[in-house]
Each structure stands twice: as structure tokens, then as C-alpha cells.
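Inspection log for the structure reproduced underneath, given as C-alpha cells.
Whatever order the structure lists them in is the order used to number ligands and atoms, beginning at 1. All heavy atoms count here, side chains included; hydrogens, waters and symmetry mates do not.
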Amino acid sequence: MGKLTDYNEIRALLARHSFHFSKALGQNFLCAAWVPEEIADAAELDRETGVLEIGPGIGCLTAELSARAGRVVAIEADRRLLPVLAETLEGRENVEIVCGDALRQDLAALAAEKLAGLRPVVCANLPYSVTSPLLTAMLEARCFETMTVMIQKEVAQRICAGPGSAAYGAFSVFVQWHAVPRICFDVPPGCFIPQPKVTSSVLQLQRRKAPPVPVQDEGMLFRVVRAAFGQRRKTLSNALCGGGFAKPDVTAALEAAGIDPGVRGERLGLPEFARLADAFTVLTWDGGAPVK
Ligand code: SAM
């Protein structure tokens, strides 16, 4: 097998396997050798690292990961790619392909079972249509030290955006609560076959070992965040009322947290959201279950 990123080799390989690209599965395969190499370099792997890859495609990134890490487990949803991967990854003893939808897997259980004893990380060129649910699942698994992923540039910018910017939203807060994000580099559409319409970015998430600020109830925090961004043109007070909080509770919580009710939710950073969530938690606490 020649280079897995050579345009003509990819065409020939896929033709031999009668493979046709699926738009629904976000199949844009890399055809520029520097990209999988730099993604794998950015992930800072060594033989003590266990990598979870989502969507190996024909295996060009998988091969780079296999050359650097202790073990690679790659989840591929498209069964038609299994014989292709068997050919392209032949002889790579530290790679295992799991066939299935990554969104239906328990990623923490998978990492515990298949990457036991290694430092678990994620490294992947993600299918763009399911970027947010996949990142959510990785972060909620709470076991991956770093997640180095290629996604749409615009989504990467939204994830990294701070208070007051148009790109800042509930998903920025969610990701930044769990991890410290940074954009490593951009990848132009010409590096893919077929070419996507948009530029991509490689984003790295460094999982936080502890929350950035203490909060009593994370569920309440994200309820407040969703409500605050639910109607982002409204004042925070009105957005919270529109998001299911009772007006008297909203007034009292904003006052207790020392936040101006006339401000827009998009102005609040993580410490303000945590303070506000704690104020709601105290207000709505029912005193706990009666002791019998
Ligand atoms: N890693 C390859 C590369 O860089 O050339 C392919 C990346 S391509 C953008 C996304 C891959 O994810 C495809 O192989 C696609 O079949 C797979 N995929 C799409 N949805 C998936 C899902 N829910 N679970 C697992 N794999 C998925």
C-alpha cells in the first residue's frame, strides 16, 4: 500500500472496493500528507498513550497514530470501510477497529476496557454533522486527558470565544467548563477528497482536572446557561424568565449574585454563571428529604 493521502492512490483504493462517499456520514478524506502528520504531532503521543479515534475512514490518521501511540481504538460507523481498513492497516498490531456509531457507545467504558493502563486521549478528524454531540460525549466521559480534533473552523472559533463576542454561546461555556480549548492550525478545503465548502481547524481540548470555579450543582449551571443564551437579544432577566425560571426567583437570584438584570447573558463569564447558578440552587433548595 502506497501513501494513504495520495489522491490517485485513494481513488484507486476506493474504486477497487466499489466505495462511494456518503455525505450523511461526513466522509471527506484527507489527501494531503502533512495534515494527518501534524494532527498526530499536535496530540503529543508516546507509547504510554492510548488513542480513541472516531471515524478512521481509510486509515490515514490511524496509521500516524499507530506509529506514535501505544494503542489505537478507532470507531467507524461505515461497515463498507472495514475491508478497506483491513487492507490499509494490515500488520499494525496496536490498532483495533470497532464498527459502530460513536454516539451510541459508552466512551468511558470503551476507554477503560480497551485502553487500560494507558493515558487515554482522543485524536480524530470528526464527521462535521455530529461534531457537537461527539465533543459533548467525549467531555462527559471525563476520562480523556486531551482531545485533538479537526472540526469546522467556525465551530472551533465558537468553542474558543469569550464573553461579549458574537460567537460566544452555551456550547462555548459548556466546553470551557470542562476543558481549556486552543486552535492549533487551519486546514484548507483542498486537503480533502471530496472538498468541503468550509475551512477546517484542528482544535485541542485539555481536560480540566477540577471545575474552573466551584459550583454547587452542575445541572443547575447548564440550565441557567441554556436559558441565558436561549433568547440572546433579551436582557438576562427576561431570558431567564423565558427559560423557565419564575420571575421572583430570577429577581432574587440576580440580586444575590450581584448581577445587573439588564445585562445580556452573553456578557457573563464562567464565574458569573457559577455564582448565578448557586443563587438559584439556594433559592430552590427544598430543605432536603425529611429524615424518617
Ligand atoms: N479519518 C479520516 C480522514 O481523516 O481522512 C476520515 C474522516 S471523515 C471526516 C469522518 C469519518 O467518520 C468517516 O469515515 C465516517 O464514515 C465516520 N463517521 C461518521 N459518523 C460517524 C459516527 N457517528 N461514528 C463513527 N464514525 C462515524
Side-chain angles (χ1 to χ4, degrees), residues 1-7 9-11 13-14 17 19-43 51-69 72-89 92 95-107 110-111 114 121-138 141 147-153 155-156 184-203:
M1 186 67 220
K3 264 211 169 296
L4 284 175
T5 46
D6 180 87
Y7 184 91
E9 296 249 7
I10 296 173
R11 283 282 178 211
L13 173 75
L14 296 180
H17 287 272
F19 178 88
H20 297 283
F21 291 99
S22 157
K23 227 180 177 173
L25 286 173
Q27 289 176 340
N28 302 95
F29 296 167
L30 283 166
C31 60
W34 67 271
V35 184
E37 285 169 19
E38 287 201 16
I39 297 175
D41 283 348
V51 186
L52 172 70
E53 183 188 8
I54 291 168
I58 61 166
C60 69
L61 178 59
T62 324
E64 296 296 332
L65 301 173
S66 157
R68 292 163 173 79
V72 183
V73 174
I75 310 174
E76 175 53 63
D78 192 343
R79 187 165 285 283
R80 297 172 308 154
L81 287 166
L82 299 187
V84 180
L85 288 163
E87 180 181 330
T88 59
L89 300 174
R92 294 195 176 270
V95 176
E96 182 180 352
I97 306 293
V98 174
C99 186
D101 178 348
L103 287 169
R104 290 174 177 271
Q105 303 273 339
D106 179 337
L107 299 184
L110 192 78
K114 304 212 178 269
V121 304
V122 172
C123 189
N125 172 11
L126 294 180
Y128 293 168
S129 56
V130 283
T131 296
S132 301
L134 283 174
L135 287 177
T136 302
M138 289 170 205
M147 288 141 272
T148 308
V149 290
M150 182 147 64
I151 61 176
Q152 266 188 52
K153 178 176 180 158
V155 179
C184 304
F185 56 91
D186 290 347
V187 179
C191 292
F192 299 86
I193 165 175
Q195 288 194 21
K197 290 197 174 70
V198 295
T199 297
S200 306
S201 292
V202 174
L203 175 85

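- Taking every heavy atom of Phe29 and a limit of under 4.0 angstrom, the matching atoms of ligand 1 come to 5 (O), 6 (C), 14 (O).
- Listed by atom number, the atoms of ligand 1 under 4.0 Å from Gln27 heavy atoms are 13 (C), 15 (C), 16 (O).
- Nearest protein heavy-atom contact of atom 1 (N) of ligand 1 is Gly55 O, 2.8 Å.
- In this comparison of Ala102, Cys191, Pro36, Pro133, the heavy atom closest to atom 24 (N) of ligand 1 sits on Ala102.
- Residue Glu53 touches ligand 1 through its side chain alone, judged by heavy-atom distances below 4.0 Å.
- Residue Pro56 touches ligand 1 through its backbone alone, judged by heavy-atom distances below 4.0 Å.
- For a threshold of 3.5 Å applied to N or O pairs, the pair formed by Ile54 and ligand 1 contains no separation below that value.
- No N or O atom of Asn28 sits closer than 3.5 Å to an N or O atom of ligand 1.
- Across the listed options Ile75, Leu81, Leu30, Leu30 owns the non-hydrogen atom lying nearest to atom 5 (O) of ligand 1.
- The protein heavy-atom contact nearest to atom 16 (O) of ligand 1 is Glu76 OE2, 2.6 Å.
- Proximity of Gly100 to ligand 1 is established by a heavy-atom distance of less than 4.0 Å.
- Of the candidates Ala74, Ala77, Gly59, Ser22, it is Ala77 that places a heavy atom closest to atom 21 (C) of ligand 1.
- Protein heavy atom in closest approach to atom 19 (C) of ligand 1: Leu25 O, 3.1 Å.
- Close approach of ligand 1 to Asp101 is summarised as follows: ligand atoms under 4.0 Å from at least one heavy atom of the residue are 22 (C), 23 (N), 24 (N).
- Protein heavy atom closest to atom 9 (C) of ligand 1, with residue, atom name and distance, is Gly26 O, 3.1 Å.
- Between Trp34 and Phe185, the angle of the ring planes lies from 30° to 60°, which puts this pair in the tilted group.
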